[in-house]
Amino acid sequence: MPKSNAAPALSPKEQLEVLRRGVFEIASEEELLSKLTASAASGRPLRVKLGVDPTSPDIHLGHTVVLRKLRQFQDLGHQGVLIIGDYTALVGDPSGANKTRPILTEDQVNANAQTYLDQISGIVDTSSLEIVRNGDWFRDLTFKGVLELAASMTVARMMERDDFAKRWAAHQPISMHELLYPLMQGYDSLMVRADVELGGTDQTFNLLVGRQLQRDKNLSPQVTLTMPILVGLDGKDKMSKSKGNYIGVSEAPGDMFGKVMSIADELMENYFQLLTDMPEPDYRKILSAANPRDAKVALARTIVAAYHSETAASAAAEEFDRVFSRHQLPEDMPDIDVKRASLENGAVWIITLIAEAGFAATNSDARRLVAQGAVTIDDNRIEDVAAKVPLTGGEVLKVGKRRFGRIRLV
RNA sequence: GGGGAGAUACCCAAGCGGCCAAAGGGGGCAGACUGUAAAUCUGCUGGCAAUGCCUUCACAGGUUCGAAUCCUGUUCUCCCCA
């Protein structure tokens, strides 16, 4: 991705218009407009805060929705402030969680933080980004300080929060330390003097706490801008690693393409809006195409191109067409190394072959796949779990629709 | 602090001494159909070269010919009272 464009000096109103894309809610637009106006007048960029939790080293398209919004602010000449929540990660954000999250160690957090930065460098302009860790201020906060912070919130208000309320109603445990999370996040806003804070809609409560703490200190409260939660590949739940319904930004072009192709049709508009820069009239036109499949191909190409290249996107599209539409073999497939010494009379038990190729987790799993007719070698279906298959090298093992490999004798 | 309820496979949830590798649903996987969409139908869903054997019903012991089921202790959770 290109670096931030030199601000083309859009008027505050024009900026607001750009920033509105895909947004769920801005609290409030009037405040944002007046901040943008003040910024334009003074030449002081707005400080736009985004807090991230370095709990998982893999970032996926769901994370990019908010990162892309941050990028928009940067492109408009504002100052991005990224908070690595190294301390908050020690707590574990309860947002959207229906159970207490595991607490990470400091070492894990540090490792994750670095990977995180590497991965977002393609999305936001990291060179101009102000990066801070909230451990910098929390580490030295005294217990007295914690008590003061805690005194600024009541239990009743905290329990208004959707996820706490749900867990409470469902008789599920809520640990004391989880109640501190929103306060910590709000305190971050205070520390970095945020003008705007970005987050997913699941962050709404936390973002509002920041406003309250700022008001308590007689500071101008931050504008909160919430983005919709990206629905994952299953078409139902929030895209998340734990659900396994995600597309990682560092996935290979082919995987990324295929995953986009597997989303529900209804999700396409949403994905165009939140994951691409394509102007609305353009994607609307694409969506009106006769065959929804064509629109999805366009979407997949756009997304792959953004994280890889146009060339990679074209190649992925061709490969996809060849393998899944025309049912031909993929151009590249992994080698399955089989030791000559392991062959008996030049053959190998089909179950071992599948398991050792990594196409099944266990032998039992491999048996099931064979029994269900999922396994072919050079297009010959193998349905006998006791089958010994003769190998001379070069055979293609296919398990299910997407697991391919070429036998190589070593 | 006192009293009560509970912990079952990826998730929810039945089971209440042998017929339990454990009903049902969800999810997932596979097959058919297809656009790697949706919907639908079918099968599978602890491990093991496997008509059998091994490990699993929070953890550790115990009773019994036999325990997910009964007893004791431990850990954790929820509810009520204080």
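The chains referred to below are lettered A, B, ... by the order of the sequence lines, with proteins before strands, and numbering in each begins at 1.
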- request: Using the side chain to side chain donor-acceptor pair (under 3.5 Å) rule, collect all pairs that involve residues 221-233 of chain A, keeping only residues at least two apart or in two chains.
  value: A/S189-A/Q222, A/E197-A/Q222
Ignoring hydrogens and angles, write down the donor-acceptor pairs under 3.5 Å from the side chains of residues 363-378 of chain A, residues two or more places apart or on other chains.
from   : atom 1 : to     : atom 2 : distance (Å)
A/D365 : OD2    : A/A361 : N      : 3.2
A/Q372 : NE2    : A/R368 : O      : 3.4
A/D378 : OD1    : A/V396 : N      : 2.9

Table please: side-chain donor-acceptor pairs of residues 151-159 of chain A below 3.5 Å, with sequence neighbours left out.
from   : atom 1 : to     : atom 2 : distance (Å)
A/S152 : OG     : A/L149 : O      : 2.5
A/T154 : OG1    : A/R157 : N      : 3.1
A/R157 : NH1    : A/Q212 : OE1    : 2.4

Distance between the [atom1] atoms of [N] and [M], in whole angstroms?
| N | M | atom1 | answer |
| --- | --- | --- | --- |
| B/rU64 | B/rA23 | C1' | 26 Å |
| B/rG62 | B/rU51 | C1' | 36 Å |
| B/rC76 | B/rC59 | C1' | 10 Å |
| B/rG25 | B/rU77 | C1' | 24 Å |
| B/rA21 | B/rU45 | C1' | 12 Å |

- request: Determine the contact category for A/K296: base if any of its heavy atoms lies under 4.0 Å from a base atom, sugar-phosphate if only primed atoms, P, OP1 or OP2 are that close, otherwise nothing.
  value: base
message: Applying a 4.0 Å non-hydrogen cut-off, can you work out what A/I263 is touching in the nucleic acid: base, sugar-phosphate, or nothing?
response: sugar-phosphate
Tabulate atom names and distances for all N/O pairs under 3.5 angstrom spanning the protein and nucleotides 24-28 of chain B.
none

- request: Could you please name the partner base of B/rC48, counting Watson-Crick and G-U wobble pairs only when both distances are under 3.5 Å?
  value: B/rG52
task: Mind listing the closest non-hydrogen atom pair of A/P45 and A/G77 along with its distance?
output: CB-O, 3.3 Å
statement: A/V48 and A/H78 have their tightest heavy-atom pair at CG2-CB, 4.2 Å
message: Could you measure the distance from the CZ atom of A/R139 to the CG atom of A/D86? Nearest 0.5 Å is fine.
response: 6.0 Å
field: A/Y246 six-ring face occupied by A/K259 cation (under 6.0 Å, within 45°)
entry: yes
task: Find out whether the Lys NZ or Arg CZ of A/R161 is both under 6.0 angstrom from the six-membered ring centre of A/F164 and within 45° of the ring's axis.
output: yes
- line: Assign each of A/S262 and A/T352 the nucleotide of RNA chain B bearing its closest heavy atom; nearer the 5' end lies the nucleotide of A/S262
- line: Between A/K388 and A/V399, whichever has its closest RNA chain B nucleotide further toward 5' is A/V399
Of the residues in [range], which ones touch RNA chain B at a heavy-atom distance under 4.0 Å?
| range | result |
| --- | --- |
| residues 400-410 of chain A | A/G400, A/K401, A/R402, A/R403 |
| residues 366-379 of chain A | A/R367, A/R368, A/L369, A/Q372, A/G373, A/A374 |
| residues 313-350 of chain A | A/F320, A/F324, A/S325, A/W349 |

task: Answer yes or no: side-chain N or O of A/N363 and base N or O of B/rG47 forming a donor-acceptor pair under 3.5 Å.
output: no
Could you list the donor-acceptor pairs under 3.5 angstrom formed by side chains in residues 398-410 of chain A, with sequence neighbours left out?
from   : atom 1 : to     : atom 2 : distance (Å)
A/R403 : NE     : A/V399 : O      : 3.4
A/R403 : NH1    : A/F359 : O      : 2.8
A/R406 : NH1    : A/G394 : O      : 3.1
A/R408 : NE     : A/D337 : OD1    : 2.9
A/R408 : NH1    : A/D335 : OD2    : 3.3
A/R408 : NH2    : A/D337 : OD1    : 3.1
A/R408 : NH2    : A/D337 : OD2    : 3.2

statement: Across all chains, not counting sequence neighbours, the side-chain hydrogen bond (donor to acceptor under 3.5 Å, both in side chains) partners of A/E395 are A/T392
message: Between A/T362 and B/rG47, is there a contact of a side-chain N or O with OP1 or OP2 at under 4.0 Å?
response: yes
- prompt: For A/D379, does the CG atom have more than 12 heavy-atom neighbours from other residues, nucleotides or ligands under 6.0 Å away?
  reply: no
task: Kindly check if the number of other-residue, nucleotide or ligand heavy atoms within 6.0 Å of CD (A/E344) is above 12?
output: no
field: Test: A/D163 and A/R167 ion pair at under 4.0 Å
entry: no
- request: Name all residues meeting the salt bridge (Lys or Arg N to Asp or Glu O under 4.0 Å) criterion together with A/E25; count only those two or more places apart in sequence or in a different chain, and write none if there are none.
  value: none
query: Taking only residues two or more places apart in sequence, or in another chain, which ones meet A/R322 in a salt bridge (Lys or Arg N to Asp or Glu O under 4.0 Å)?
result: A/E319, A/E331
message: Between A/Y187 and A/F138, is the ring centroid distance below 6.0 Å?
response: yes
Could you pull out the protein-nucleic contacts involving nucleotides 2-5 of chain B (nitrogen or oxygen on both sides, under 3.5 Å)?
none

